[in-house]
Number of protein chains: 2
Amino acid sequence: MKISKKAYYGLRATLALAQTEKPLSIHTLAEMEHLPLDYLEKILQTLRKAGLVTAHKGVAGGYALARPASETNIWEILRELDPPIKTFSTPLKGELPCLHVGHCQTNEVWRMLENKIEKTLSDVTLESLIPRNNS
Amino acid sequence: MKISKKAYYGLRATLALAQTEKPLSIHTLAEMEHLPLDYLEKILQTLRKAGLVTAHKGVAGGYALARPASETNIWEILRELDPPIKTFSTPLKGELPCLHVGHCQTNEVWRMLENKIEKTLSDVTLESLIPRNNS
DNA sequence: TCTAAAGCAGACAAATTTAGTCCACATTAT
DNA sequence: ATAATGTGGACTAAATTTGTCTGCTTTAGA
């Protein structure tokens, strides 16, 4: 039940993109936020493939948010970078799918929890996290 | 953002204790739930130290819930076994405590998330998870 | 009072996951 | 052309999680 650095870095990076509305290269981004360059690159790749940021190559290239910060919520970002709750439907040593026939109590809990997390994080947009946003 | 096996095992075990109201030895517990014995022992130790289960040694010893199942919520259990959300207050390469002067946006998010998780799980008692509880 | 069944404690090892690096390549603005 | 960028994949290192082992203490009951 912890947030990975990957997710943390990703949030930091997208937040930076949200603030400076210009596209930024991974290089500047890494420097700005003091994040490891090559790792950050991987993270942005993931986000690009998920359609959350856009990249363009070449000399004046860089990354930018695919949508405005007000329309990008952090659940979208975090779920790509942190795997969802692993719900164990099978105990490791048993052969049956789940020993608790009928329904599995713990699975229900995880599912509920995940829903709650999703709802909570979906309500937070990148924009709402930009500091000094005294509108 | 995932539940560890440790937490899963711990929940399974306490749930078993909640159902059979007799004390159970780790041995029987492990067998019942198909969990690795020695690991389970560690887990129960943690829960004992947290005051959630009681143990007594000797031939007819074993573990039992410290409080009735209706008064034990699963947040108490899970928080002992799964470390809380690690909030990174410091970026790794920087010297300053946090680059985002004034307040750290991401920390706020993690804190909020953790609160939500706590609230959600605190509402679930062990008793409520016992199957066929058609009262 | 002996003994076997339990819990206790801590070191250790294996497995898995996360974090991070490296390198060769593709694209593109100037 | 070329230098600045992103792309993709292999790889390594570090950290964490999971699991095991070994020797000890306690205690009920024969």
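Remember, predicted model here, so these are calculated numbers, not experimental data. Worth knowing before you read on, the calculation uses all heavy atoms, side chains too, and leaves out hydrogens, waters and symmetry mates. A note on names: the letters A, B, ... follow the listed sequences, proteins ahead of strands, and every chain is numbered from 1.
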TODO: Check the pair B:Leu81, B:Leu47 against side-chain contact (heavy atoms from CB on, under 4.5 Å), reporting the backbone distance first and the verdict last.
DONE: CA-CA 8 Å; B:Leu81 302 176; B:Leu47 295 178; 4.1 Å; yes

Could you write out each protein N or O paired with an N or O of nucleotides 23-30 of chain D at a distance under 3.5 Å?
from   : atom 1 : to      : atom 2 : distance (Å)
D:dT26 : O4'    : B:Lys57 : NZ     : 3.3

Ignoring backbone atoms, establish whether [X] has a side-chain N or O less than 4.0 Å from OP1 or OP2 of [N].
X	N	value
A:Ser4	C:dA19	yes
B:Tyr9	D:dT17	no
A:Lys5	D:dT16	no

Nearest whole angstrom, please: distance from the [atom2] of [N] to the [atom1] of [X].
X	N	atom1	atom2	value
B:Tyr39	D:dC21	OH	P	16 Å
A:Leu37	C:dC23	CG	C1'	14 Å
B:His27	C:dA4	NE2	P	17 Å
A:Lys6	D:dA15	NZ	P	17 Å
A:Leu40	C:dT21	CG	C1'	14 Å

Task: Linked, directly or transitively: B:Leu29 and B:Val59 (ILVMFWY side chains, under 4.5 Å) - done: no

- [ ] For the pair A:Leu78 and A:Ile117, evaluate side-chain contact (heavy atoms from CB on, under 4.5 Å) and give the outcome as yes or no after the intermediate values.
- [x] CA-CA 11 Å; A:Leu78 296 178; A:Ile117 291 172; over 6 Å; no

Task: Reported CG-to-NE2 distance for the pair B:Leu37 and B:His27, which is rounded to 0.5 angstrom - done: 7.0 Å

TODO: In plain terms, say whether B:Arg67 and B:Glu76 are close enough for a salt bridge, that is, a side-chain N and a carboxylate O under 4.0 Å apart.
DONE: yes

Please list, pair by pair, any protein nitrogen or oxygen found under 3.5 Å from a nitrogen or oxygen in nucleotides 9-12 of chain C.
from   : atom 1 : to      : atom 2 : distance (Å)
C:dA9  : OP2    : B:Arg48 : NH2    : 3.0
C:dG10 : O6     : B:Lys42 : NZ     : 2.7

Task: Passing option when A:Tyr63 is tested against A:Leu24, A:Thr14, A:Ile26 for side chain to side chain contact (heavy atoms under 4.5 Å, CB included) - done: A:Ile26

Open item on the list: By the 4.0 Å heavy-atom rule, please label B:Ile26 as base, sugar-phosphate, or nothing.
Closed with: sugar-phosphate

